[in-house]
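Comments concern the structure below.
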Amino acid sequence: MASSQDIPHAVKGTKIPPLMVADKCHASYKSITKKKKEILFDTTGDRKTNMLLEFLRCQVKTNAKTCKDVEKEYTLCHRSFMGVGSYKGMKHCGERMAELYQCVISSSKSP
């Protein structure tokens, strides 16, 4: 697990290189690059964050299969947060989202 200083708190969809996007994931990629605003990782359940999550999950299914465990951990956090409002004492899933983002980006880079 990365230290809290290494974990980003937001990303702009336009910062994701188009070359790393799997063919099946272009629709969800377009949805996060449409607006050039930052997507905050700690806004669990927010529309923009959910669009980013949809893109990341698509990438995990197609290109970044090594990130399945990270995606599962995020899903547990998301479900718990949406159900009871916290997960292992955390008030949002930003750290888990950042870990998933970093995993997908690092494993999907073009050779």
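Numbering of residues begins at 1 and proceeds along the displayed sequence.
- Counting only residues at least two apart or in different chains, salt bridge (Lys or Arg N to Asp or Glu O under 4.0 Å) contacts with residues 52-72 comprise Arg57-Glu71.
- Thr66 is linked by a side-chain contact (heavy atoms from CB on, under 4.5 Å) to Ser107, counting only residues two or more places apart in sequence or in another chain.
- One distance of note links CD of Glu95 with CG of Asp42; it measures 11.0 Å at 0.5 Å rounding.
- The closest side-chain heavy-atom distance from Ile39 to Tyr101 is not below 4.5 Å.
- Contact check for Leu53 versus Leu100: side-chain heavy atoms found under the 4.5 Å cut-off.
- Counting heavy atoms from C-beta on, the side chains of Phe55 and Gln59 come closer than 4.5 Å.
- For the pair His78 and Cys93, the tightest heavy-atom approach, listed with the atom from each and the gap, is N-SG, 3.5 Å.
- The shortest non-hydrogen separation linking Gly94 to Thr44 is N-OG1, 4.4 Å.
- Clustering ILVMFWY residues whenever any of their side-chain heavy atoms sit less than 4.5 angstrom apart, transitively, puts Phe41 in the very cluster that holds Ile105.
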Under 3.5 Å, sequence neighbours excluded: what are the donor-acceptor pairs made by side chains of residues 11-26?
none

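- For Thr49, the side-chain hydrogen bond (donor to acceptor under 3.5 Å, both in side chains) test picks out Thr43, with sequence neighbours left out.
- Taking 4.5 Å as the limit, some side-chain heavy atom of Met97 sits within range of a side-chain heavy atom of Leu52.
- One finds the NZ atom of Lys48 at 12.0 Å from the OG atom of Ser31 (value rounded to the nearest 0.5 Å).
- Between atom OG of residue Ser106 and atom CD of residue Gln102 there is a gap of 7.5 Å, rounded to the nearest 0.5 Å.
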